[in-house]
Colleague: 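Dropping the structure in here first, questions after.
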Amino acid sequence: MNTEKKALFFDVDGTLLDDAGHVPESAVDAIRAARKRGHLIFVNSGRVKPLAEYINRFIETDGLLCGCGTEILLGEKSIYTYILPPDVVEELKKDSGNCRVDMWLEGPEGIAFSPELRVRWSGEVEQNVLNQGGMAAEGFQALSKVSKFCMQGNESSDYQAMLKKYGRWFHMMDQSGGFYECVPQGHDKAKALLRTLEYCGIPLENAYAFGDSVNDLEMLRAVPHAVVMGAHAPELEYYGSFITKKLEDDGIAYAMQELGLI
């Protein structure tokens, strides 16, 4: 087995965390074994810091890459943070009502939801954020430190107005079902991964990425060892160097064993 230090980057939802909000025990054991061999474990998530920290209830990590690359925390040290200009944040708050979309603003202090949630699924997301400790102390109108946002709508929502106005400044990822994850241009999981590798002095050929969703695409394309979960977005089909089993079928542990990481 090759014992040279590797850097492993994991998406959270659908990759490490199941629908019930738990990490399978097999994945916990595999990650623990990898760290004992000297490999570094990073979470690379669309979740902003307060919500990404939920994963620490299950596993130990060497760093959290949060908000699709808008914040990078290595140990206790923040090496990068991006905050949207205040005028953009105020426009977003206005347009959530004008365009009739449910919106949640996300930043290093947590997540805040627009006061009127029209879509049932938005309310379920809000409850999950509350349960996992990711809710901002400030309400929607008061939250000022914002790194990214998400929007969810229905047949009455004016998506085209939002896409036209903000498409120049944000990568607006269609996650299906009227849900868009919107990340400032110049930020994604790949850039966060590369910043982290450079900071830690680890060569790219020693990087492994694990993902299942559209926002994992850049990360998976950036590394030589791209692990796609068994249940994954169709867009990822051709970008995995290794397609593992589903999360609930011990997909993380299976991939790490097959790739010689544990």
Side-chain angles (χ1 to χ4, degrees), residues 9-13 15-17 21 41-93 95-96 102-115 122 125-152 166 169-173 175 180-200 213 215-216 218-219:
F9 296 84
F10 295 88
D11 170 53
V12 173
D13 296 285
T15 299
L16 284 178
L17 208 65
I41 303 296
F42 301 100
V43 160
N44 196 358
S45 176
R47 292 173 171 231
V48 289
K49 176 188 173 183
L51 195 56
E53 289 176 329
Y54 176 75
I55 203 69
N56 291 334
R57 301 183 188 184
F58 304 94
I59 61 172
E60 292 186 20
T61 67
D62 296 284
L64 299 176
L65 287 57
C66 309
C68 287
T70 55
E71 185 170 17
I72 302 175
L73 300 159
L74 301 183
E76 298 297 320
K77 184 176 182 180
S78 175
I79 68 164
Y80 182 81
T81 303
Y82 177 82
I83 301 296
L84 292 172
D87 59 325
V88 174
V89 175
E90 291 308 308
E91 284 296 306
L92 285 169
K93 292 173 181 177
D95 287 332
S96 69
D102 299 346
M103 183 178 290
W104 42 102
L105 303 173
E106 308 184 21
E109 297 174 353
I111 299 175
F113 290 76
S114 52
S122 301
V125 173
E126 183 180 32
Q127 188 59 51
N128 285 338
V129 170
L130 182 62
N131 292 343
Q132 296 182 16
M135 196 71 76
E138 299 89 345
F140 185 77
Q141 294 300 333
L143 187 65
S144 58
K145 291 184 178 179
V146 176
S147 302
K148 60 187 283 275
F149 72 98
C150 292
M151 63 180 183
Q152 168 78 32
Y166 293 102
W169 299 294
F170 291 86
H171 181 29
M172 306 182 81
M173 292 175 280
Q175 303 278 28
Y180 287 81
E181 184 176 17
C182 306
V183 179
Q185 294 285 359
H187 296 84
D188 56 45
K189 291 185 178 182
K191 291 182 176 63
L193 180 152
L194 294 172
R195 282 191 174 108
T196 301
L197 290 175
E198 181 178 9
Y199 186 89
C200 295
S213 184
N215 72 6
D216 297 318
E218 288 86 359
M219 173 177 73

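Numbers here simply count residues along the sequence, with the first being 1.
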Colleague: For a 4.5 angstrom cut-off between non-hydrogen side-chain atoms, does Leu92 reach Met103?
Modeller: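 With C-beta onward as the side chain, the pair touches.
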Colleague: Measuring from Leu65:CG to Thr196:OG1, what's the distance to the nearest 0.5 Å?
Modeller: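 Between Leu65 CG and Thr196 OG1, I get 3.5 Å after rounding to 0.5 Å.
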Colleague: Do Leu17 and Arg47 have side chains that approach each other closer than 4.5 Å (heavy atoms only, starting at C-beta)?
Modeller: yes
Colleague: Please report the closest heavy-atom contact between Ala192 and Asn44, naming both atoms and the distance.
Modeller: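 The answer is CB-OD1, 4.2 Å.
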Colleague: Do Ser213 and Asp13 have side chains that approach each other closer than 4.5 Å (heavy atoms only, starting at C-beta)?
Modeller: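 The answer is no; the side chains never approach within 4.5 Å.
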Colleague: Indicate yes or no: at least one non-hydrogen side-chain atom of Asn131 is less than 4.5 angstrom from one of Gln127.
Modeller: yes
Colleague: Just verifying a value: how many Å separate Phe113 CZ and Gln152 CD, rounded to the nearest 0.5 Å?
Modeller: 11.0 Å
Colleague: For the atom pair CZ (Phe9) and OG1 (Thr15), what is the distance rounded to the nearest 0.5 Å?
Modeller: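 Rounded to the nearest 0.5 Å, the CZ-OG1 separation comes out at 14.5 Å.
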Colleague: Look up atom NZ in Lys191 and atom CD1 in Ile72, then write down how far apart they are to the nearest 0.5 Å.
Modeller: 11.5 Å
Colleague: Take Asn56 and Leu64 through the side-chain contact (heavy atoms from CB on, under 4.5 Å) test and state the conclusion after the steps.
Modeller: CA-CA 10 Å; Asn56 291 334; Leu64 299 176; 4.2 Å; yes
Colleague: Under a 3.5 Å distance rule, please check whether Tyr54 uses its side chain to pair with a backbone N or O of Gly21 as donor and acceptor.
Modeller: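 The answer is yes, because a donor-acceptor pair under 3.5 Å joins these two groups.
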Colleague: Tell me, with the steps shown, if Asp216 and Lys189 meet side-chain contact (heavy atoms from CB on, under 4.5 Å).
Modeller: CA-CA 7 Å; Asp216 297 318; Lys189 291 185 178 182; 2.5 Å; yes
Colleague: What distance do Phe10 atom CZ and Leu16 atom CG have between them, rounded to the nearest 0.5 Å?
Modeller: 6.0 Å
Colleague: Side chains of Ser78 and Leu73: does their closest heavy-atom pair fall under 4.5 Å?
Modeller: yes
Colleague: Do Trp104 and Val129 have side-chain heavy atoms sitting under 4.5 Å apart?
Modeller: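 SC-SC contact between Trp104 and Val129 ruled out.
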Colleague: On a heavy-atom basis, which atom in Phe170 and which in Pro184 lie closest, and how many Å separate them?
Modeller: CD2-N, 3.6 Å
Colleague: Do Val125 and Asp102 make a side-chain contact, defined as non-hydrogen atoms from C-beta onward lying under 4.5 Å apart?
Modeller: no
Colleague: In a table with atom names and distances, give each donor-acceptor pair under 3.5 Å that connects a side chain of residues 141-151 to protein atoms at least two apart or in another chain.
Modeller:
unit_1	atom_1	unit_2	atom_2	d
Ser147	OG	Tyr82	O	2.9
Lys148	NZ	Gly46	O	3.1
Lys148	NZ	Glu106	OE1	3.0
Lys148	NZ	Glu181	OE2	2.9

Colleague: What pair of heavy atoms forms the shortest contact from Ser114 to Phe140, and how long is it?
Modeller: N-CD1, 3.3 Å
Colleague: What distance do Thr70 atom OG1 and Leu84 atom CG have between them, rounded to the nearest 0.5 Å?
Modeller: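 Thr70 OG1 to Leu84 CG: 8.5 Å, rounded to 0.5 Å.
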Colleague: Closest heavy-atom contact between Met135 and Ile111?
Modeller: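 Residues Met135 and Ile111, closest heavy atoms: SD-O, 3.3 Å.
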Colleague: Are the side chains of Val88 and Trp169 in contact, using a 4.5 Å heavy-atom criterion?
Modeller: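 The answer is no, as the side chains (C-beta and beyond) never meet within the 4.5 Å cut-off.
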Colleague: Provide the closest heavy-atom pair for Pro50 versus Gly110 in the form atom of the first, atom of the second, distance.
Modeller: CG-N, 3.4 Å
Colleague: Would you list the pairs meeting salt bridge (Lys or Arg N to Asp or Glu O under 4.0 Å) in which at least one residue belongs to residues 62-82, sequence neighbours left out?
Modeller: Arg35-Asp62
Colleague: For the pair Glu90 and Lys93, find out whether any cationic side-chain nitrogen is under 4.0 Å from an anionic carboxylate oxygen.
Modeller: yes
